[in-house]
Number of protein chains: 4
Amino acid sequence: MRVKKQEKYDAILEAAFHIIEEKGFENTSISDIVKRANVAQGTFYLYFKSKNDLVPAIAEELLTITNDMLTDYVRDSMSIDEKLKKMIDVTFENTKKYKAIIALCYSGQAYGHSFGKWEEMYTPYYNWMEKHLLQAKEQNEIAQDTKIEFSVRIIINTIEQTADRMYLTNSITGVDSHEDLKKELFNFIKRALV
Amino acid sequence: MRVKKQEKYDAILEAAFHIIEEKGFENTSISDIVKRANVAQGTFYLYFKSKNDLVPAIAEELLTITNDMLTDYVRDSMSIDEKLKKMIDVTFENTKKYKAIIALCYSGQAYGHSFGKWEEMYTPYYNWMEKHLLQAKEQNEIAQDTKIEFSVRIIINTIEQTADRMYLTNSITGVDSHEDLKKELFNFIKRALV
Amino acid sequence: MRVKKQEKYDAILEAAFHIIEEKGFENTSISDIVKRANVAQGTFYLYFKSKNDLVPAIAEELLTITNDMLTDYVRDSMSIDEKLKKMIDVTFENTKKYKAIIALCYSGQAYGHSFGKWEEMYTPYYNWMEKHLLQAKEQNEIAQDTKIEFSVRIIINTIEQTADRMYLTNSITGVDSHEDLKKELFNFIKRALV
Amino acid sequence: MRVKKQEKYDAILEAAFHIIEEKGFENTSISDIVKRANVAQGTFYLYFKSKNDLVPAIAEELLTITNDMLTDYVRDSMSIDEKLKKMIDVTFENTKKYKAIIALCYSGQAYGHSFGKWEEMYTPYYNWMEKHLLQAKEQNEIAQDTKIEFSVRIIINTIEQTADRMYLTNSITGVDSHEDLKKELFNFIKRALV
DNA sequence: TATGAATGAGAGTTCATTCAT
DNA sequence: CATGAATGAACTCTCATTCAT
């Protein structure tokens, strides 16, 4: 029984996630979602209070995916340089894949206007990176006066935004390839840290 | 006759800009817009092919506003530090004021999926900043190996994204005030440049 | 232009009136109404803010019909007895014909909970009868201590309710026919007045 | 087992009665009812064939309440005047309390279109009053030519309708208070009887 | 007997777009 | 050029009812 219940919820969330990714939130109808999830129209409302109620669940899903990937890619034993590069890789990869979802999460629709939730959701990500920056500081890989708590946020923002803009504009003039852009982004951040 | 045409066009664009800013794109109806613009429902379609056709025009409007402000705030005679600080001020101010418009511009609705337009629109902004970075390089205010063309983009992205996130999350934990955050952002960018 | 506008409004109101009469308010859909009125779904909302917005218009329609009939049936030159009998006839006839409409008007849906409107709507009816009762008083047809303003309301209520109940229950046991019931009702009221 | 069955039935009926009283029949969902009755959704359909099947049961409940109150208030030893006044009191009190239920009972939804049931349900009420009117006739409190069977119906109707209209319109112009209206109503009926 | 998750038809309403004037 | 009444498809959401357990 418990399993079946989760099944429907998961099916709906999965369907919503992918259709929204394809068509954007506003252009996705509940009808689209339930068709893909193979459940009845009304079933949607057993699991979500409204269409908007999807957004937090989807945002959480995206962060889970990101965290899983970071855990997979980044090892404690790596140097801070390697770690930063992996972070950039993961962020670019996900931004490319989930452009529309990210737009939705940032649209404000996510949590009405109580954005505490947003900060809360990002907390594990911030903590994860804080840990690695602290480790880098101890090992003298970065400047001792680096304000960790703050840098964490700026760095994550910078990477996300650069990736965002890149996939939005498709190409940034004068930069030959995505790989070059990622390299330059790494240098930029690195310089700000040492 | 030419003037009258422009009048209606301007009225519609102005109305659209402000209502979308207030209510978001999807929650703004043509009916809302024409009411504010004091024109008939059908008149809208004399100037715009469709509702989506508004988006590029609105995006351009936003950039015009931004450019005007930068021109007002930033003087050639300033140091690069002062210039960066002014840029941060203007970006933060506009991001706060035009949150919804910015969200719309980044939503991908802007140009279907031909984002060349986006890059084109940003060009004057990029050029404007490129000029000032070059000047700073000549005067040895920043590192001689700075890749100007590229830095321009990263810096603009970083400022915009930080502002965006700040107004989205309302407060970034551990940072006392907006002014502190702006100072730290400045330091971050500065370190990456010298 | 003016005429056409009225045409659609009238068509919708007429359709609503008759379908609601047949099926009741809650079982009548906007779709039913516009189909009968031969207009598009959206056209309904050009003339009525919502489904509930129909109710006052329909209530007014019913009173107009009633007033027209009373004016047709009742002459000033008649005796109060004849007038009362005609009133009973008209009320019974309309109650039979417009059962569901009457139920709707009394349901409270009519004006949310500001029933001032209801009293206001009945005013012409009350006034009409007041005139005739006053005339009857002057001509000594009814008791001189009759409290006109109040009697008007009780009499109208009593007639309406008796008609209502009769058509609701279809037959009142022990009374042979509608005509007998109407005669008895007349006697009851007459006795209360003289 | 029998008891348990009754328990659930009673719980559902009680819940339905009170929620319908609060929100009206159409705005009351089975889901609302079962939640208040603390039974499962499906259980409702073990005791009632459909939502409409509730109506006769609820109507009966209302009459039971009314009869109980009349039995409580009215003593055989009272004069017909006192009895009438008590009847008016009880009717006004219940009409105020159970406005929505009464509206439902009169809506025709009660028994589709076989209203025999309605007459049947009122029978005990009619009988109860008949008994008292007969007693009054014997004691020469009212006119000897009063047609009891018929008067019973008109009187009950008149009281109910006046109460109904009063609570619907909230105030009847020119009548200072509910107590005054009740007094006038009593006089009206009394005059028709003697 | 009792459950409650699942159903799906259908409700009211909105709105981008058209077109006769 | 300008109008605005008219359109009708599409939307989100509700809810009486069913049925496997």
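First the proteins, then the strands, lettered A, B, ... as listed; each starts at 1.
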Atom [atom1] of [X] and atom [atom2] of [N]: how far apart are they, to the nearest Å?
| X | N | atom1 | atom2 | answer |
| --- | --- | --- | --- | --- |
| L46(B) | dT18(E) | CG | C1' | 12 Å |
| I19(C) | dA11(E) | CD1 | C1' | 15 Å |
| K35(A) | dT7(E) | NZ | C1' | 16 Å |
| Y9(A) | dA5(E) | OH | C1' | 17 Å |
| F48(A) | dT14(F) | CZ | P | 16 Å |
| I33(A) | dA10(F) | CD1 | P | 17 Å |

Tell me every residue that passes side-chain hydrogen bond (donor to acceptor under 3.5 Å, both in side chains) with [X], counting only those two or more places apart in sequence or in another chain.
| X | answer |
| --- | --- |
| T28(A) | none |
| K23(D) | D32(D) |
| T95(D) | none |

query = What string of B, S and - do you get for nucleotides 12-17 of chain E, 5' to 3', when a contact is any protein heavy atom under 4.0 Å?
reply = SBBBSB
Side-chain donor-acceptor pairs of residues 33-45 of chain C under 3.5 Å, sequence neighbours excluded:
unit_1	atom_1	unit_2	atom_2	d
K35(C)	NZ	S31(C)	OG	3.3
R36(C)	NH2	E14(C)	OE2	3.2

message = Could you work out, with side-chain contact (heavy atoms from CB on, under 4.5 Å) as the rule, every residue matching S50(C), not counting sequence neighbours?
response =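 Listed in chain order: N52(C), D53(C).
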message = Walk me through whether Y47(B) and D10(B) qualify under side-chain contact (heavy atoms from CB on, under 4.5 Å).
response = CA-CA 10 Å; Y47(B) 296 96; D10(B) 289 346; over 6 Å; no
message = Let me confirm one number: the CD1-NZ distance from I30(B) to K51(B), rounded to the nearest 0.5 Å.
response =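 One gets 6.0 Å once the value is rounded to the nearest 0.5 Å.
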message = Roughly what angle, to 10°, lies between the helix axis at the start of the helix from dA2(E)-dT21(F) to dT21(E)-dA2(F) and the one at its end, five pairs per end?
response =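 Computed from the C1' atoms at both ends, the axes differ by 10°.
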query = Counting just side-chain N and O atoms, does Y47(A) come under 4.0 Å of either OP1 or OP2 of dA6(E)?
reply =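 Yes, because at least one side-chain N or O of Y47(A) sits under 4.0 Å from OP1 or OP2 of dA6(E).
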message = Which label fits Y9(D) and F48(D): parallel for a plane angle under 30°, tilted from 30 to 60°, or perpendicular past 60°?
response =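 Rings of Y9(D) and F48(D): parallel, under 30°.
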query = Taking C-beta and beyond as the side chain, do I101(A) and F25(A) meet within less than 4.5 Å on heavy atoms?
reply =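 No; the side chains remain at least 4.5 Å from each other.
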message = Both A40(B) and A40(C) contact DNA chain F. Taking the nearest nucleotide for each, which residue is further toward the 5' end?
response =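 Result of the comparison: A40(B).
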